[in-house]
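Every chain is numbered from 1, with letters handed out A, B, ... down the list of sequences.
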Amino acid sequence: MTSWRSQVRSLLIPPILLFLLSEIRGENNLADIRVRFAPSPTGYLHIGGARTALFNWLFARHNDGRFILRIEDTDRERLKEDSVEQIISSMRWLGLDWDEGPDVGGDYGPYFQSQRLGIYLKEIRRLLDEDKAYYCYCTQQELEQRRQQAVKEGKAPRYDGRCRNLTVEEQQSLREQGRNPVVRLKVPTKGVTVVEDVIRGTVTFDNALLDDFIIQKSDGMPTYNFVCAVDDHAMEISHVIRAEEHLSNTPKQLLVYRALGYNAPVFAHVPMILAPDRSKLSKRHGATSVEEFRDQGYLPEAIVNYLALLGWSPEGDQEMISMEECAKQFDLAKVSKNAAIYDTKKLTWLNGNYIRSIDIDRLVDLSIPFMRQKGLLPEQISPDMRDYLKRVVAAVRERTRTLVELADACSYFLTDDFEFDEAGVKKHFLKEGVAELLEKGRSVLQRLDKFDAASTEAAYRALIDELGIKGADIIHPTRLAISGRTVGPGLFDMMELLGKEKTLDRMARAIEYIKKLA
RNA sequence: GGCCCCGUGGUCUAGCGGUUAGGACACCACCCUUUCACGGUGGUAACAUGGGUUCGAGUCCCGUCGGGGUCACCA
């Protein structure tokens with residue numbers, strides 16, 4: 001929109017009026033909060049990116065602003081197939097919806113940088129014409145050589161600016177050698193560039209340490225630090241909220257802003273998320289992508305909750321907090337400065353809390369794919385089956401922390417095909433007289449008409465009294481007999497869920513098994 | 001290596017000159033209990049370090065050390 005707006009302006013409005021107009025409007029009207037998440041499609045959305053996206057989202061929602069998704073795909077070499085789709089689906093899954101972006105559109109599009117080339121080229125042309133940028137004919141090999149030389153001499157590997165003042169003739173002859181030039185920005189050699197960062201405060205960079213960096217590659221593609229500034233301006237981004245690794249890029253972008261005559265947005269560099277070994281997140285650290293966490297049975301609300309707590313904290317001692325509540329409370333100034341190491345343990349704890357507290361029907365829906373994966377479910381789920389699943393899930397949710405664990409905890413309710421837990425066999429089946437005990441238990445159960453938890457428990461308690469044994473003496477072996485496990489829901493709840501027939505069958509089977517053990 | 005950022009228990013954090021340094025995860029113990037969880041109670045455990053400033057410093061300043069980031073025709 002800025003592009004057409006400025007085009008229209010420059011066509012129709014005399015310069016003096018234009019000046020007044022921009023004064024009145026203010027390029028940086030803070031009343032219009034616009035933030036963006038700008039991933040490059042080189043892979044999955046990892047939790048660091050997700051957290052950056054989340055903070056942008058929270059800030060936008062808190063301020064009733066707009067959240068924009070922009071795809072930074074100017075490097076076609078590193079572009080990965082399906083990556084955009086992956087990122088989009090991960091964000092949607094987490095509930096991070098955007099107001100403008102690919103697939104939803106918006107007034108400031110296109111939202112793929114690869115489709116915005118015209119805008120960049122125009123601005124590069126302008127800088128060239130205004131003598132704020134110049135062509136550089138040095139080849140990559142030459143630059144690499146000089147860089148290595150500098151490093152060897154212990155000097156900073158900076159571009160020496162040798163092409164800054166080439167004459168037309170010199171340029172002509174270099175072109176005739178078949179050299180494709182890059183475009184470099186003329187960076188002031190003196191003074192400082194100051195970044196005002198909401199999170200970090202005032203950060204000062206010495207211009208002398210910067211070099212004339214490349215804004216357009218020899219293949220004609222503009223570079224990141226350039227397009228980023230151009231787009232943030234063109235899309236009227238008010239606040240740039242991104243990871244701290246970009247802090248040292250910021251002076252470069254500020255220089256682009258200055259050269260182009262733009263007003264700068266407000267910057268906020270959020271701390272990085274580090275792997276448990278304190279290094280930058282990568283695949284070798286195991287699950288780091290949102291998709292992997294999803295596949296491990298984590299709920300989106302747990303991940304969002306966890307990520308929000310990493311580097312930010314709500315009022316009071318609240319740990320469980322919804323996205324909406326986060327948005328209500330979110331404040332950039334309260335974002336921590338130090339990098340955080342992510343710890344799956346707390347995520348898992350949160351996830352367990354959510355598994356226990358979300359709506360049961362939703363929990364069933366969420367766990368069905370995980371049960372399917374274990375081959376526990378038929379193609380079609382009948383209403384009766386669904387009802388049964390609901391009761392099973394309700395019984396086991398208390399003691400599971402991920403959907404994978406949940407599906408596992410459901411398994412013996414859905415299949416007769418299970419082994420007896422090895423340690424459990426040693427502990428409960430090898431005891432003297434267990435088979436007989438189970439026989440007795442089985443026969444009192446067999447006489448029951450009603451087979452709900454209360455009835456089976458009453459029957460068992462009567463037997464326990466009669467035999468003068470401890471409840472645990474028969475309860476543990478029975479549990480192992482009907483579930484194959486030593487842990488799980490209350491025994492009588494299990495019986496009720498399984499029903500009389502299965503309970504008795506499994507007990508009979510266990511009795512046979514025990515007899516063979518002897 | 002230069003530049004930049006950061007430094008409260010193992011981990012995430014609260015703290016914004018005067019606190020017995022609070023909470024959460026994890027860990028340990030006990031209680032509840034048919035198991036496992038949940039829940040409850042209690043516990044172990046931190047201001048990196050050395051100088052300043054101040055009546056008084058986790059909080060402010062400087063040095064040191066440690067960690068991270070960045071120095072590309074990647075983003």
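A:Arg162 has no carboxylate O lying under 4.0 Å from a charged side-chain N of A:Glu142, or vice versa, which leaves the two without a salt bridge. Using a 4.0 Å cut-off between charged nitrogen and carboxylate oxygen, A:Glu144 and A:Arg147 count as a salt-bridge pair.
Put simply, the side chain of A:Ser218 and the base of B:C73 share a donor and an acceptor less than 3.5 Å apart. If you check distances only, the side chain of A:Arg78 does reach the base of B:C74 with a donor-acceptor pair under 3.5 Å. Residue-to-nucleotide contacts include a donor-acceptor pair under 3.5 Å from the side chain of A:Asn249 to the base of B:A75.
Within 4.0 Å of A:Arg479, counting heavy atoms only, lies at least one base atom of the nucleic acid. No engagement by A:Gly316 is indicated, since no non-hydrogen atom pair under 4.0 Å with the nucleic acid exists. A:Thr204 comes within contact range of the sugar-phosphate backbone alone, with a heavy-atom separation under 4.0 Å but no base atom that close. Within 4.0 Å (heavy atoms only), A:Gly471 reaches no atom of the nucleic acid at all. Among the protein residues, A:Lys470 comes within range of no part of the nucleic acid, since none of its heavy atoms lies under 4.0 Å from any strand. Heavy atoms of A:Thr139 sit under 4.0 angstrom from at least one base atom. If you check every strand for non-hydrogen atoms under 4.0 Å, A:Phe492 touches a base. Using a 4.0 Å heavy-atom distance criterion, A:Val203 is classed as a sugar-phosphate-only contact. Using a 4.0 Å heavy-atom distance criterion, A:Pro271 is classed as making no nucleic acid contact. The residue A:Leu209 sits close only to the backbone: its heavy atoms come under 4.0 Å of sugar-phosphate atoms, none of a base. Backbone-only engagement by A:Ala340 is indicated by non-hydrogen atom pairs under 4.0 Å involving sugar-phosphate atoms exclusively. Nucleic acid contact class of A:His246 (heavy atoms, under 4.0 Å, all strands): base. Among the atoms of the strands shown, only primed sugar atoms or phosphate atoms (P, OP1, OP2) are found under 4.0 Å from some heavy atom of A:Glu72.
The nucleotide B:A37 finds no pairing partner, because no Watson-Crick or G-U wobble arrangement with both distances shorter than 3.5 Å includes it. Pairing for B:C25 is with B:G10, a Watson-Crick or G-U wobble pair whose two hydrogen-bonding atom distances lie under 3.5 Å. Judged by Watson-Crick or G-U wobble contacts below 3.5 Å, the nucleotide B:G50 has B:C62 as its partner. Base pairing of B:G18 is made with B:C55, judged by Watson-Crick or G-U wobble geometry with both donor-acceptor distances under 3.5 Å. Summarising the base pairing, B:U70 is matched to B:G2 through a Watson-Crick or G-U wobble pair whose two defining distances lie under 3.5 Å.
Dashed line: the shortest gap from a side-chain N or O of A:Arg158 to OP1 or OP2 of B:G2 is not under 4.0 Å. For A:Thr74 and B:A75, the shortest distance from a side-chain N or O to OP1 or OP2 is below 4.0 Å. Between A:Arg485 and B:A37, a side-chain N or O to OP1/OP2 separation shorter than 4.0 Å is absent. Note on A:Lys217: a side-chain N or O is less than 4.0 Å away from OP1 or OP2 of B:A75. Taking side-chain N and O atoms only, A:Lys427 has no distance below 4.0 Å to OP1 or OP2 of B:U35.
Across the C1' atoms, B:C32 and B:U41 are found 11 Å apart, a figure rounded to whole Å. Separation of the C1' atoms belonging to B:C62 and B:U53 is 11 Å when rounded to the nearest angstrom. Across the C1' atoms, B:G51 and B:C12 are found 32 Å apart, a figure rounded to whole Å.
If you take CZ of A:Arg184 and P of B:A72, they are 10 Å apart, rounded to a whole angstrom. The distance between atom CG of A:Asn353 and atom P of B:G39, rounded to the nearest whole Å, is 7 Å. Separating the CG atom of A:Asp493 from the P atom of B:U33 is a distance of 16 Å, rounded to the nearest angstrom. Look at NZ on A:Lys280: it is 12 Å from P on B:G68, rounded to the nearest Å. Spacing between atom CZ of A:Arg278 and atom C1' of B:G67 amounts to 5 Å, rounded to whole angstrom units. Per the geometry, CG belonging to A:Leu54 stands 18 Å off P belonging to B:C12, to the nearest Å. Spacing between atom CH2 of A:Trp349 and atom C1' of B:G39 amounts to 13 Å, rounded to whole angstrom units. Nucleotide B:C4 holds its C1' atom 15 Å from the CD atom of A:Glu196, rounded to whole Å.
Here the shortest heavy-atom pairing between A:Lys334 and A:Ser313 reads NZ-O, 3.2 Å.
Note that A:Arg485 lies outside the cation-pi zone of A:Tyr412, set by a 6.0 Å cut-off to the ring centre and a 45° limit from the axis.
If you take CZ on A:Phe413 and CG on A:Leu497, they are separated by 4.5 Å, rounding to the nearest 0.5 Å.
Taking 4.5 Å as the limit, some side-chain heavy atom of A:Arg179 sits within range of a side-chain heavy atom of A:Thr139. Side-chain atoms of A:Val240 and A:Gln253, non-hydrogen and from C-beta on, never get closer than 4.5 Å to each other.
Nearest nucleotide to the side chain of A:Phe205, out of B:C6, B:C3, B:U13: B:C3. Of the candidate nucleotides B:A37, B:A75, B:C73, B:A75 has the atom nearest to the side chain of A:Asp75. Looking at the side chain of A:Ile341, the nearest of the listed nucleotides B:U11, B:C73, B:C4 is B:U11.
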**Study point:** Evaluation steps, salt bridge (Lys or Arg N to Asp or Glu O under 4.0 Å), between A:Lys345 and A:Asp343
**Key:** CA-CA 5 Å; A:Lys345 289 203 183 105; A:Asp343 173 24; 5.1 Å; no
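In terms of position along RNA chain B, the nucleotide closest to A:Lys345 lies nearer the 5' end than the nucleotide closest to the other residue of the pair A:Lys252 and A:Lys345. A residue-by-residue look at A:Asn225 and A:Asp211 shows that A:Asp211 has its nearest nucleotide of RNA chain B further toward the 5' end.
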